[in-house]
Structure formats: C-alpha cells, structure tokens
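One structure is given here, and the rest of the page talks about it.
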Amino acid sequence: MENIKIAPSVLSADFSAMGAAAEKLEKCGADWVHCDVMDGSFVPKITFGADMVAAIGRHTSLPLDVHLMIVHPEKHIETFAEAGASVITVHHEACGADLKNVLKRIAAAGVRAGAVINPETPLKEVYGCLDYCDMLLVMSVFPGLGGQKFIESVLPKVEEARKIFDGQGVFKDIEIDGGVGEQNVRRVKEAGANVIVAGSSVFGAADMKKAIENLRSL
Ligand code: DX5
Ligand code: ZN
C-alpha cells in the first residue's frame, strides 16, 4: 500500500497540554493529527469541540483530521471548517439517509469529506455515498474510547472498499481507526487502508518517533 499516512489521535494525549502534544507529533513525523470530537450523545463521553481543534491548529501545520462522533453533525460543519479542519468525517450511524448531503456540505465548506462506518455496519449501507467521499473511515473498535482491542472482522470491508475504488480507477484514502499498533498494522495495510489512526500505541510508546516510524514502515 502506498500513500501511507500516520494520524495519531490526541484522544490519548494530556488534555492540559494539547499544544505541546501537537508540536511533538509534528516533530516525531506524524502526517495528520486525528481529533476525536465526542458529544456525550452519539457516544457516552464528551471530549472537545471546535475551539480545541483551532487551538491544536495554532501549534502545528499538520492537517487536522476531525472525526465527529456527534449527533447532528450537519449543524457543526462550518464551525469545524473555520476551526481549520482539513478533513471532516461523519458517521453513517449519525446521518442516516442524510449522509450524502452532509458530505456535500463538507465539500462546499472547502474541506475534504469522509464517511465513517462502525464495526457492525456493512459497507453496502454507504455504497451510494462513496462518490461523495474523499475518504472512507472504517472503525475497527466501537467509537467512544481509546485503548480498545482491534476488531479483525472489519478488514473485509476495507478490502471491499479498496476494490471498489480501484475498479473506479481512483485512489481514495481509506482510514482505519481503533486498536491499531505494530502488531496489526501490516494486515491493515494489506487489506487496503492507507491512513492509520493510532492513539494509545503512539502516546503510550516509550519512543514516539520510533512508534510512528514503525507504523509507517511495517
Ligand atoms: C475511538 C476513537 C479513536 C481512538 C483510537 O472512538 O475514534 O480515534 O482514539 O485510539 P486507540 O488507537 O487507542 O484505539
Ligand atoms: Zn477517531
């Protein structure tokens, strides 16, 4: 798999020192900063909103990959665009039949658009939206918490999506999020994912630079 991008999740960073975390990620060779926005409704936890995304952006020039785990994401697209998001991903499970319109709205805001599917959601649920995606995010844990175990059974969806994009003659990013580390990154890439989110395996590593390098090269 070419075009590998490592997108560490600041969900596993020290929330009192987000700026420093973003600076460190950039220094250690990360490609994107993955920002997990949780609202206490779509998922039980509340993390942070657009002001934090903007604050992170003041400490790094890396693209901000904003993963919205919120209900009614359509209400907040422009706010996150103004906060400096490079990519905004929204859940099929939050948008339902409106997903296509929300993706269009993200694009209209000048931001790359991504659809997200939870581990139990079949890819066919979003077939009709793939043309409107710059990226597909396949969750490999149930959204809401860092440090969970990787769910192997999502990999056929990654393979299927890569086949669909290849069949269309386009290269689109396929991102995988949850439980990814050195032990499984190779399989994830073989399946066709090229954007690797990693929270605990990067922030929990003794050597962050080495951890990012290994995720890229393995
Ligand atoms: C889970 C988040 C993930 C999470 C990944 O809801 O979307 O981005 O932070 O963390 P790890 O890599 O620890 O599973
Ligand atoms: Zn995420």
Side-chain angles (χ1 to χ4, degrees), residues 4-15 18 21-22 25 28 30-50 52-53 56 62-71 73 76 80 83 85-95 106 111-121 133 135-155 157-158 173-189 193-206 208 211-212 214-216 218:
I4 298 295
K5 294 184 182 82
I6 309 302
S9 167
V10 291
L11 184 61
S12 296
D14 174 354
F15 274 31
M18 278 298 197
L25 287 176
C28 289
D31 297 289
W32 293 359
V33 178
H34 185 82
C35 302
D36 284 309
V37 175
M38 303 186 190
D39 67 350
S41 291
F42 182 71
V43 289
K45 250 174 83 141
I46 300 176
T47 53
F48 53 76
M52 178 63 94
V53 171
I56 292 169
L62 294 179
L64 303 178
D65 170 27
V66 177
H67 176 191
L68 294 183
M69 284 165 275
I70 64 176
V71 296
H76 304 279
F80 282 98
S86 292
V87 191
I88 296 176
T89 56
V90 292
H91 275 259
H92 162 69
E93 298 81 8
C95 300
I106 297 171
V111 177
R112 299 181 67 233
V116 193
I117 51 173
N118 276 346
E120 81 282 24
T121 303
C133 291
M135 178 167 88
L136 175 73
L137 167 50
V138 176
M139 291 303 299
S140 43
V141 297
F142 287 92
L145 279 179
Q148 302 181 74
K149 191 174 175 298
F150 182 78
I151 301 171
E152 188 90 31
S153 57
V154 306
L155 289 179
K157 292 194 282 188
V158 174
D173 289 322
I174 300 179
E175 181 173 52
I176 187 121
D177 182 6
V180 180
E182 290 172 14
Q183 73 289 354
N184 53 21
V185 71
R186 195 191 312 250
R187 272 204 309 282
V188 156
K189 290 177 187 169
N194 69 299
V195 182
I196 312 294
V197 177
S200 45
S201 71
V202 165
F203 281 93
M208 184 185 278
I212 291 172
N214 286 345
L215 288 174
R216 191 189 308 287
L218 279 171

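For ligands, and for the atoms within them, numbers begin at 1 and follow the listed sequence.
- The two residues Pro119 and Lys157 make their nearest non-hydrogen contact at O-NZ, 3.1 Å.
- The side-chain heavy atoms of Ile176 and Ile196, taken from C-beta on, include a pair separated by under 4.5 Å.
- Note on the Zn ion (ligand 2): protein N/O/S atoms under 2.8 Å are His34 NE2, Asp36 OD1, His67 ND1, Asp177 OD2.
- Closest approach of Leu215 and Val185 over heavy atoms only: O-CG2, 3.7 Å.
- When atom types are taken as modelled, the side chain of Asp31 and the backbone of Ala7 share no donor-acceptor pair closer than 3.5 angstrom.
- Between Phe42 and His91, the ring planes are tilted. Angles from 30° to 60° get that label.
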I'd like a table of donor-acceptor pairs (distance under 3.5 Å, sequence neighbours excluded) in which one partner is a side-chain atom from residues 43-50, with atom names and distances.
from	atom 1	to	atom 2	distance (Å)
Thr47	OG1	Asp36	O	2.7
Thr47	OG1	Met38	N	2.9

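- A salt bridge does not link Asp65 with Lys5: none of the charged nitrogens is closer than 4.0 Å to a carboxylate oxygen.
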Distance dump, ligand 1 polar atoms to protein, N/O, under 3.5 Å:
from	atom 1	to	atom 2	distance (Å)
ligand 1	6 (O)	Gly144	N	2.7
ligand 1	7 (O)	Asp36	OD1	3.0
ligand 1	7 (O)	His67	ND1	3.2
ligand 1	7 (O)	Asp177	OD2	2.9
ligand 1	8 (O)	His34	NE2	3.4
ligand 1	8 (O)	Asp36	OD1	3.1
ligand 1	8 (O)	Asp36	OD2	2.7
ligand 1	8 (O)	Asp177	OD1	2.7
ligand 1	8 (O)	Asp177	OD2	3.0
ligand 1	9 (O)	Ser9	OG	3.2
ligand 1	9 (O)	Asp36	OD2	3.0
ligand 1	12 (O)	Gly199	N	2.7
ligand 1	13 (O)	Gly147	N	2.8
ligand 1	13 (O)	Ser200	N	2.9
ligand 1	13 (O)	Ser200	OG	2.5
ligand 1	14 (O)	Gly179	N	2.8

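- Gln183 meets the side-chain hydrogen bond (donor to acceptor under 3.5 Å, both in side chains) test with no other residue; sequence neighbours excluded.
- The main-chain N or O of Glu120 is never found under 3.5 Å from a side-chain atom of Asn118 such that the two would form a donor-acceptor pair.
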